[in-house]
Structures are given as C-alpha cells and as structure tokens.
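Data first, discussion second: the structure below is written as structure tokens.
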Amino acid sequence: TKGKLEDRVLRFKAKLDSQAYDQKVRDFVVMFYCMDNTVQVREPPVRNSGVIGGKFLLRRKYKNDETGEYFAQGDFFLGKKVKINTYTLVLTDVDASTETYMKARQDIWPE
C-alpha cells in the first residue's frame, strides 16, 4: 500500500560540499515533507566537536536553483547535490523507509 502523503517524510543524510576540514566533519539530515513540499535541514550534535546541532535550515519551501521551481520530491536522491539557500549539500545516505518508498515510485525515480 502507498503511504499517505500527509505523513510521508523523505530523510537523507548529507554533507556540505566543502573541502574545509571543519565543514567535512559536519553531518546533516535533509527532510523533505511530501504533503507541502517543504524542506528542513537539521544538524545532529557531534560529541566532543563543538557542534551543538539543531535546526540548520528552517522548514519551508525553498527554490531549486537548477529548475527555478520549488523543490519537489524527485529532486532528492542518493548522490545528488542540492543547493538550498546558499548551502550545497551532497546526499550521502537514505533511510530505509525513504528507500522503500522511492523504489515503489518508479514514476518519480526511474533508476
């Protein structure tokens, strides 16, 4: 059965697209809310690093620089670089429920 869009959240692990060491150690969770096409980026706390974590980008609609449109669920997949605000994030991992959903939606993610 298809999950209800109302509560479907796509979750991806991400890294900043940066060569700076202090940026490379940072991890992010990119969440895409299917019901209203909003995006939120959180930064999990990292022990003994000085990274406190918390909200990195507030949940709202963001424009995709590549398309000029607001982000849609098909804009997010493993290995993709997404520029949100001024930050370029590389999607490095996907959670199990997101992966299952993506495999079931060949219309959105063909490969």
Side-chain angles (χ1 to χ4, degrees):
T1 63
K2 285 186 182 173
K4 295 199 312 278
L5 273 183
E6 295 84 60
D7 51 18
R8 172 71 59 196
V9 180
L10 307 180
R11 286 184 179 82
F12 299 89
K13 276 190 184 166
K15 291 271 193 198
L16 278 173
D17 188 26
S18 168
Q19 295 308 311
Y21 174 77
D22 60 333
Q23 302 299 347
K24 281 182 165 182
V25 299
R26 298 171 73 185
D27 285 306
F28 298 90
V29 177
V30 177
M31 292 169 285
F32 181 84
Y33 295 83
C34 295
M35 69 174 171
D36 59 3
N37 288 358
T38 55
V39 180
Q40 180 182 21
V41 181
R42 294 189 58 80
E43 184 172 15
V46 180
R47 288 168 61 112
N48 304 325
S49 73
V51 174
I52 294 138
K55 289 182 178 142
F56 184 71
L57 290 173
L58 295 177
R59 178 178 171 180
R60 67 179 190 86
K61 286 188 171 191
Y62 291 96
K63 280 231 167 106
N64 182 342
D65 282 358
E66 285 180 18
T67 64
E69 305 288 323
Y70 288 111
F71 279 107
Q73 50 187 336
D75 294 327
F76 297 88
F77 51 86
L78 201 56
K80 175 75 174 158
K81 284 185 183 183
V82 288
K83 187 173 179 187
I84 306 172
N85 265 6
T86 57
Y87 303 98
T88 302
L89 295 159
V90 183
L91 304 181
T92 59
D93 201 3
V94 55
D95 80 356
S97 70
T98 299
E99 189 173 23
T100 301
Y101 174 72
M102 291 172 78
K103 285 180 177 163
R105 295 299 308 268
Q106 297 288 310
D107 55 320
I108 300 173
W109 297 279
E111 66 283 335

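Just so it is clear, the structure is predicted and the values come from calculations on it, not from any experiment.
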Can you measure from CG (Leu16) to CZ (Arg26) and round to the nearest 0.5 angstrom?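 If I round to the nearest 0.5 Å, the distance is 5.5 Å.
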
What's the separation between atom CG in Asp93 and atom CG in Leu78, rounded to the nearest 0.5 Å?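 Output value for this atom pair is 6.5 Å.
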
Counting C-beta onward and ignoring hydrogens, is there a side-chain heavy-atom pair between Met31 and Asp95 closer than 4.5 Å?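 No, side chains not in contact.
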
May I ask you to test the Phe28-Tyr87 pair for a side-chain heavy-atom distance under 4.5 Å?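 The answer is no, as the side chains (C-beta and beyond) never meet within the 4.5 Å cut-off.
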
Least distance between heavy atoms, [X] atom then [Y] atom:
X: Met102; Y: Val94; result: SD-CG2, 4.2 Å
X: Asp75; Y: Val82; result: O-CG1, 3.7 Å
X: Pro44; Y: Val29; result: CG-CG2, 4.0 Å
X: Cys34; Y: Gln73; result: SG-OE1, 3.2 Å
X: Asp36; Y: Lys61; result: O-CE, 3.1 Å
X: Phe12; Y: Leu91; result: CB-CD2, 3.9 Å

Using the side-chain contact (heavy atoms from CB on, under 4.5 Å) rule, pick out the option among Leu57, Asp65, Asn64 that qualifies with Ile84.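 Answer to the side-chain contact (heavy atoms from CB on, under 4.5 Å) test with Ile84 among Leu57, Asp65, Asn64: Leu57.
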
Got more than 12 heavy atoms from elsewhere within 6.0 Å of NZ, Lys15?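 Atom NZ in Lys15 is packed in, count exceeds 12.
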
Within a 6.0 Å radius of atom CD on Gln19, are there more than 12 heavy atoms belonging to other residues, nucleotides or ligands?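 Incorrect, the count does not exceed 12.
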
State which residue, out of Tyr70, Tyr62, Phe76, fulfils the ring pair (Phe, Tyr, Trp, His ring centres under 6.0 Å) condition with Phe32.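 The option that passes is Phe76.
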
Is Val41 linked to Phe77 within one hydrophobic cluster, defined over Ile, Leu, Val, Met, Phe, Trp and Tyr using a side-chain heavy-atom separation of less than 4.5 Å?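 Yes, Val41 connects to Phe77 through the hydrophobic network.
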
According to the interplanar angle, ranging from 0 to 90°, do the rings of Tyr101 and Trp109 count as parallel (below 30°), tilted (30 to 60°) or perpendicular (above 60°)?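 Ring orientation of Tyr101 relative to Trp109: perpendicular.
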
State which residue, out of Lys24, Lys81, Lys80, fulfils the salt bridge (Lys or Arg N to Asp or Glu O under 4.0 Å) condition with Asp17.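 Running salt bridge (Lys or Arg N to Asp or Glu O under 4.0 Å) over Lys24, Lys81, Lys80 with Asp17 returns exactly one hit, Lys81.
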
